[in-house]
Colleague: 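Have a look at this one.
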Amino acid sequence: MPAITLPDGSVRSFPGAVTGAEIAAAIGPGLARAALAMEVDGVAMDLSREITADARLRFITRKDEAALELIRHDAAHVLAEAVQELYPGTQVTIGPAIENGFYYDFYRNEPFRPDDLPAIEAKMREIIARDAKFVREVWEREEAIEFFEAQGERFKAELIRDLPAGETITIYRQGEWLDLCRGPHMRSTGDIGNGFKLMKTAGAYWRGDARNPMLSRIYGTAWRDNKELEAYLHQLEEAERRDHRKIGKAMDLFHIQEEAVGSIFWHPKGWKLYRNVEAYIRRRQEAGGYEEVRTPQLVDRRLWELSGHWEKYRKNMFIAEVAEEDTMLALKPMNCPFHVQIFKQGLRSYRELPMRMAEFGACHRYEPSGALHGIMRVRAFTQDDAHIFCTEDQIAAETVRFVALLERVYKDFGFESFTVKFSDRPEIRAGSDEVWDRAEAALKSACEKAGVSYTLNPGEGAFYGPKLEFVLRDAIGRDWQCGTIQVDFVLPERLDAEYVTPESGRARPVMLHRAIIGSFERFIGILIENYAGRFPLWLAPVQAVVATIVSDADGYAAEVAQALSAAGLAVELDVSNQKIQAKIREHSLAHVPNIRVVGRKEAETGQVALRRLGGASQEMHSLAGAVALLKAEATPPDLRP
RNA sequence: GCUGUCAUAGCUCAGGGGUAGAGCACUUCAUUGGUAAUGAAGAGGUCCUGGGUUCAAUUCCCAGUGACAGCACCA
């Protein structure tokens, strides 16, 4: 006698085992038509599943956000069926729902190419039109393995073999086709609807491991209806327009060329933007008790051997040799060992701790070619690096202090939201388990004190210690680690850093590796996308253009530009022989935040007209007023009164 | 690094076995026009690099390099 509690609190009792479909039908024909699946005590299930005991039940309809995952998962199954119908002999592997859509990985000799997608998509629509029911079956393990092996599906057979003993093995049929699957699914292929589209092909390693064979992956996007699909496709186009590589070119900020792969040529405007960011960070850090240092680029391998990098990181390091000498130098991939060298000069006292040592450190890392991405992932970059030498007792307070600084900075740059990941001990690591226990515990308690909530990123810590990662999202939806703080008990030991304790003994400092924006290159890339090139005034590389209407005003325009420039603003003067419409258009397209228009009238009255980017109207100011206004608006957030 | 796609003017791109085009940008001339494109003329290319096929290759084939997408990587 199962009693079913519905979301509105009402309870319905049934004489015996009852399926979701039957319950929906009992409630009403409308619901029976709309219900795609159900949640029983919070677990999503097929409508055809029987409920035998009391349960809380919620139906999932198309209106429900939860329908998206079902549609995407079902679409993946239909994709696999379509592919096997069109390309017999292709082996299936796995095909999950993902953010915005789904994919399926196939194994075949010839990988799929973009040209293959239209035919596959057409076949999918055919299968959906067939509206075949999804039928769930429970199979015996051996039976399932034998079946898939007989079909030549060795990947599926492997998957089943690796399922934990005792796990129920379920198969879902749709018409003639079937797949190993945990479910749940909707009622039939027709429930998928038309709001989907195959997007791209790609290679992907079997089980995500580069030592395994490469599979051919097909990505699709799927939504509840065509309108949602169109909206998503439109959003993708919009995101593409914000791409920092496009804007960087259009605004003449930087370029990269073949002879220096992974390194940036910063153009005047891009470098101005860079320096604006740098100056701001420098001021924030100085105010936050950091002292800035500068350390060498090229250092003898002996130091890297001591630090452990030579052993663990060598394949990512650029090496330099000189014919005259029998030495091998390496370009630094990071700054930490060098800061320890500074710490070690002289005898340090506990009184000096915490010592916060900052460097805008230029680092080189040989990143795999496929990893490079615009200015976001490069081989030569500059970190806003700092190392805090402190006692174990100071870890929590320093972490709290750092998180506060980071939040302040992100807010000033316009990022209201970011995610935090806690990465704990990796498989390959330095230091004993006891040391790791302490480091992880210290960082966790610091998170609590700082009120930081995080998701766990197991096994992703640095080899010397656990870390917090602060992640920002770019225009295309990719996540990038920017800020980080990492607890390190290992390097001070390896490089023999110590300080004098109050008892006149010697002790090892703990090192906190930390960065707020991570690297200037990556962070500026994200800034560009976040603002779509329309930077707030304090960051904008060109803050105003003075544009003339007639050449009679050239002299006065120069005076205006001079006055703005003297007030510290980045100003350009446009006295070119063009109509004012053309000038407005040109500078608007270049995202110049302010255009000061000067004609005969202004020259006579000593005024300036201001047209703001995106605005259609103008404001009139006196010259002194105009200077004061822009100067105030261009003040970086940390310098505002 | 792996799989796939791509590489033509400064930029965005079209084209095609007989050494090449558009728009924008650039230069010059005319124009002095009041808030998102004034007009005209001109200049600009080893069609990524190296090999092969061919009477002939920028075009077809192979390799390399680089870019892009995804995967792997990101201490």
Side-chain angles (χ1 to χ4, degrees), chain A residues 103 105 110-116 199-219 243 245-246 249-250 252 255-262 307-309 311-317 333-334 336 365-374 376-379 381 423 426 428-430 460-465 467 469 476 478 480-481 484 486 488 490-491 513 518-519 522 547-554 575-590 595-602 609-618:
Chain A
Y103 69 77
D105 285 346
E110 284 278 293
F112 290 109
R113 291 174 308 132
D115 299 350
D116 299 325
M199 301 295 280
K200 56 194 170 195
T201 60
Y205 297 108
W206 168 236
R207 299 195 142 178
D209 190 327
R211 289 165 300 191
N212 287 337
M214 181 156 271
L215 308 169
S216 181
R217 175 174 295 182
I218 296 176
Y219 280 97
D243 191 313
R245 293 165 297 190
K246 276 195 177 157
K249 199 174 267 176
D252 194 19
H255 84 272
I256 303 173
Q257 68 186 45
E258 234 178 273
E259 293 80 1
V261 172
S307 68
H309 290 101
E311 184 198 345
K312 290 211 165 57
Y313 203 63
R314 167 142 195 224
K315 62 181 186 306
N316 291 302
M317 290 166 70
M334 56 193 49
C336 2
R365 300 180 187 177
Y366 183 77
E367 300 285 1
S369 57
L372 302 173
H373 178 84
M376 309 265 230
R377 181 92 182 262
V378 287
R379 288 179 176 158
F381 56 94
S423 299
I428 300 171
R429 58 180 181 261
E460 294 295 317
F463 79 82
Y464 46 73
K467 63 178 179 182
E469 295 173 34
I476 316 168
R478 281 185 272 224
W480 297 95
Q481 183 202 309
T484 184
Q486 316 178 351
D488 183 0
V490 175
L491 206 56
H513 307 244
S519 84
R522 175 174 295 181
T548 50
I549 296 169
V550 291
S551 45
D552 286 352
D554 286 3
V575 291
S576 65
N577 181 11
Q578 285 182 99
K579 297 216 292 188
I580 188 64
Q581 287 93 328
K583 294 187 187 183
I584 296 279
R585 177 180 152 81
E586 182 187 324
H587 299 122
S588 296
L589 288 175
I595 304 174
R596 317 253 31 168
V597 179
V598 167
R600 210 170 268 128
K601 205 164 63 191
E602 286 77 10
L610 168 63
R611 185 192 161 108
R612 293 179 188 273
L613 179 58
S617 59
Q618 60 168 0

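Proteins come first, then strands; the chains are lettered A, B, ... in the order of their sequence lines, and each starts at number 1. On a predicted model such as this, the values are computed, not experimentally measured, just so you know.
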Colleague: Mind calculating the distance between CG (A:Asn212) and P (B:U3) to the nearest angstrom?
Modeller: 15 Å

Colleague: Roughly how far apart are A:Lys249 NZ and A:His255 NE2, rounded to 0.5 Å?
Modeller: 10.0 Å

Colleague: Check the distance between B:C13's C1' and A:Lys246's NZ and give it to me in whole angstrom.
Modeller: 12 Å

Colleague: Considering residues at least two apart in sequence or located in another chain, which fulfil the side chain to side chain donor-acceptor pair (under 3.5 Å) criterion with A:Asp115?
Modeller: none

Colleague: What integer number of Å spans the P atoms of B:C24 and B:G66?
Modeller: 35 Å

Colleague: Can you tell me, in whole Å, how much space there is between the C1' of B:U19 and that of B:U46?
Modeller: 10 Å

Colleague: Could you state the atom-to-atom distance from CE of A:Met199 to C1' of B:G4 in whole Å?
Modeller: 16 Å

Colleague: Base, sugar-phosphate, or nothing for A:Ile584, non-hydrogen atoms under 4.0 angstrom?
Modeller: base

Colleague: When rounded to the nearest Å, what value does the distance between C1' atoms of B:G64 and B:C55 take?
Modeller: 29 Å

Colleague: According to the interplanar angle, ranging from 0 to 90°, do the rings of A:His513 and A:Tyr464 count as parallel (below 30°), tilted (30 to 60°) or perpendicular (above 60°)?
Modeller: parallel

Colleague: Under 4.0 angstrom, heavy atoms only, what part of the nucleic acid is A:Ala250 near: base, sugar-phosphate, or nothing?
Modeller: nothing

Colleague: When you check the phosphate oxygens OP1 and OP2 of B:U12, does a side-chain N or O of A:Lys249 lie under 4.0 Å from one of them?
Modeller: yes

Colleague: Just to verify, what does A:Lys200 make a side chain to side chain donor-acceptor pair (under 3.5 Å) with, not counting sequence neighbours?
Modeller: none

Colleague: Within the structure shown, what part of the strands sits under 4.0 Å from A:Leu589 by heavy-atom distance: base, sugar-phosphate, or nothing?
Modeller: base

Colleague: Please determine if A:Asp209 and A:Arg207 form a salt bridge, counting it only when a charged side-chain N lies under 4.0 Å from a carboxylate O.
Modeller: no

Colleague: Just jot down the ring pair (Phe, Tyr, Trp, His ring centres under 6.0 Å) partners of A:Tyr103, sequence neighbours excluded, or say none.
Modeller: A:Tyr219

Colleague: Distance check, C1' atoms only: B:U28 and B:C61, in whole angstrom units.
Modeller: 46 Å

Colleague: Base, sugar-phosphate, or nothing for A:Arg600, non-hydrogen atoms under 4.0 angstrom?
Modeller: base

Colleague: Mind calculating the distance between NE2 (A:His587) and C1' (B:A37) to the nearest angstrom?
Modeller: 13 Å

Colleague: How does RNA chain B read in dot-bracket, base by base from 5' to 3', with Watson-Crick or G-U pairs under 3.5 Å and | used when the partner is on another strand?
Modeller: (((((((..((((....[..)))).(((((.......))))).....(((((..]....))))))))))))....

Colleague: So which atom in A:Arg478 and which in A:Arg245 form the shortest heavy-atom distance, rounded to 0.1 Å?
Modeller: NH2-NH2, 4.2 Å

Colleague: Assuming nearest nucleotide by heavy-atom distance, tell me which of A:Ile549 and A:Pro114 is located more 5' along RNA chain B.
Modeller: A:Pro114

Colleague: Looking only at the side chain of A:Leu613 (C-beta and beyond, no hydrogens), which of the listed nucleotides B:A36, B:G4, B:G34 gets closest?
Modeller: B:A36

Colleague: Write down the distance separating the P atoms in B:G10 and B:G51, rounded off to the nearest Å.
Modeller: 24 Å

Colleague: Please give, in whole Å, the distance from B:G34 C1' to A:Arg585 CZ?
Modeller: 18 Å

Colleague: The criterion is side chain to side chain donor-acceptor pair (under 3.5 Å); which residues satisfy it with A:Arg365, sequence neighbours excluded?
Modeller: none

Colleague: Ignoring hydrogens, what is the shortest heavy-atom contact between A:Ala462 and A:Gln486? Give both atom names and the distance.
Modeller: CB-OE1, 3.9 Å

Colleague: Send over the distance from A:Ile595 CD1 to B:G34 P, rounded to a whole Å.
Modeller: 17 Å

Colleague: Please report the interatomic distance OG1(A:Thr201) to CZ(A:Arg217), rounded to the nearest 0.5 Å.
Modeller: 11.5 Å

Colleague: Does a distance-only test, which skips hydrogens and angles, find a donor-acceptor pair under 3.5 Å between the side chain of A:Ser216 and the base of B:U3?
Modeller: no

Colleague: Mind checking the C1' distance from B:A40 to B:U59? Whole angstroms is fine.
Modeller: 36 Å

Colleague: Heavy atoms under 4.0 Å is the rule here; annotate nucleotides 64-75 of chain B 5' to 3' with B where the base is hit, S where only the sugar-phosphate is, and - elsewhere.
Modeller: -SSSSSBBBBBB

Colleague: Give the minimum heavy-atom separation between A:Glu602 and A:Val598, together with the two atoms involved.
Modeller: OE1-C, 3.9 Å

Colleague: Starting from P on B:U38, measure out to NZ on A:Lys579 and report it in whole angstrom.
Modeller: 5 Å

Colleague: Please give the distance between the C1' atoms of B:A14 and B:A9 as a whole number of Å.
Modeller: 13 Å

Colleague: Is it the case that B:U35 (base atoms only) and A:Gln581 (side chain only) share a donor and an acceptor within less than 3.5 Å, ignoring hydrogens and angles?
Modeller: no

Colleague: Write down the distance between CD1 (A:Ile218) and C1' (B:U5), rounded to a whole number of angstrom.
Modeller: 15 Å

Colleague: Tell me whether the side-chain N or O atoms of A:Glu602 pair up with the base of B:G34 as donor and acceptor below 3.5 Å, since no angle test is needed here.
Modeller: yes

Colleague: B:G15 and B:C47: how far apart are their C1' atoms, nearest whole angstrom?
Modeller: 11 Å

